[in-house]
Amino acid sequence: MVAMRGTLKGRDVISINDFSREEIDHILKVSDGIEKDLDSKFGLLSGKILSILFFEPSTRTRMSFESAMYELGGRCIDMGPTELTSVKKGETFSDTIKVISKYADVMVLRHPSDGAARYASEISDVPIINGGDGTGQHPTQTLLDLYTIKKESKLDGANIGILGDLKYGRTVHSLVYALSMYGIDMTFISPPDLSLPEEIKEDLDDKKISYEECDKIEEVIEDLDVLYVTRIQRERFPDILEYEKVSGSYKITKDILEGGVKEDLIILHPLPRTGEIDPDVDDTKYARYFLQTKYGVVVRMAILGLILGGFE
Amino acid sequence: MKREKLRVEPIKDGTVIDHIMSGQALNVLKVLKIKSPSEETVSMAMNVSSREMGKKDIVKVEDRRLEKGELNKIALIATNATINIVEEYDVVEKYRVSVPKFINGIIRCKNQNCITNMDEHVVTRFKVESKDPLSLRCVYCGSRTSSVEFL
């Protein structure tokens, strides 16, 4: 789908890098307007259809898009598990996209291959929203992360620590590029084998964005305004003992927080978590990860509404 | 005429690619998608003495005027190559290749998980971010590369 730059109507949402800071700020502003007056937005996308194509598992992204579409009065059609579709019969990805783009006004796609969403956008008749492709990008997660940081902390001048699997985590990659637009200090905390890819660090260097790297959360947590935790992915470790050793040392507990953090620190997580944040932390004043999922619906309402012309 | 110059005879009509970095002639043919058996008559000289370059390769393609966009892809592997378009034994156009803004369909993305490396017949596409040193970015997955691997 090809649309005019400068307006979000008809635009694909493939990579956070396709958007200027002004455009991102506009999406966050529209999200804020929706949150303040949610009830008045019903019916704005009446008659519009969102098709959902997920070639990989998902809970939050899939259901929050559905929720967002229903909140605006639109409807959803879901391809369902690929085992029950023509993909199982050997239909190519491109044919699937061409066919389903005839059924809907906008499409959200998740796929295991990097660049699948960009490719889909070239062959689809309707705008494509990237719901996560491979280890590449997850731009709508990033927009809701930015919204949460803006609402619950600050975007300009914040000191943000990103912890976990920074090598393969697509939410991290998208977020780092977005934060680089806001001149934010970033600290990357990960086991050495799961550090941020060199390519992304080179991109930050090219933009003259400063960042720090370390492998122990205790060394940096007292200086952070925002701690963004991600899952250490078990499947990346050939040896389960190695995984358990590493994952245990990246667990955020009440003890760590009581060791000294800023009063207004907030903790985020794209979820699902698999033990990297102790449930005891949920009730502390720092936890914002469940609120983050709620904001996900509002931000996705803004994205759908802007793409389909429900908002300007 | 010196013996050296007779290694490859002048052509009547066609395209002569000169000043190719020594050892790159076969890759030039690959870039131009000239494969055996080909319809064109192609002559090639490798490791020819050159005053400017020490050693160089030359490729001559007869009866085919290669397009500029096609030829500029050669710049990826032979920065200083010069193109001579020949008609009736005369050079009617001469220019140096320059790296284009985008490279379509001849390079493989080094990211094994890129959609272009799946069984989907996606034509690869790279944006040239820097010509010297060479830096290319895959339009699909965003991977950056400085080394070229031909399909």
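Letters A, B, ... mirror the listed sequences (proteins, then strands); counts begin at 1.
Ring geometry for Tyr211(A) against Phe188(A) counts as tilted: the plane angle lies between 30° and 60°, on a 0 to 90° scale.
Looking at Asp206(A), the atoms closer than 4.5 Å to chain B (heavy atoms on both sides) all sit in the side chain, from C-beta outward. Of the atoms belonging to Asn111(B), it is side-chain heavy atoms, and not backbone ones, that fall under 4.5 Å from chain A. If you measure heavy-atom distances from Pro112(A) to chain B, the contacts under 4.5 Å come from the backbone alone. Residue Ser143(B) touches chain A through both its backbone and its side chain, counting heavy-atom pairs closer than 4.5 Å. Looking at Gln137(A), neither its backbone nor its side chain comes within 4.5 Å of chain B, counting heavy atoms on both sides.
Taking 4.0 Å as the cut-off between side-chain N and carboxylate O, Glu39(B) and Lys33(B) do not count as a salt-bridged pair. One finds no salt bridge joining Glu62(B) and Lys12(B) here, because no Lys/Arg side-chain nitrogen approaches an Asp/Glu carboxylate oxygen to under 4.0 Å.
The cationic group of Arg125(B) lies under 6.0 Å from the six-membered ring centre of Phe102(B) and within 45° of the ring axis, placing it in a cation-pi geometry.
With chain A as the partner, the residue from Cys109(B), Cys138(B), Cys141(B) showing the most heavy-atom pairs under 4.5 Å is Cys141(B). If you tally non-hydrogen atom pairs under 4.5 Å between each of Asn117(B), Val122(B), Val139(B) and chain A, the highest count goes to Val122(B). Comparing Asp203(A), Ile200(A), Thr92(A) by how many heavy-atom pairs each has under 4.5 Å with chain B, the most go to Asp203(A).
For Thr274(A) and Glu276(A), the side-chain atoms include at least one donor-acceptor pair closer than 3.5 Å.
No more than 12 heavy-atom neighbours from other residues, nucleotides or ligands sit within 6.0 angstrom of CD on Glu212(A).
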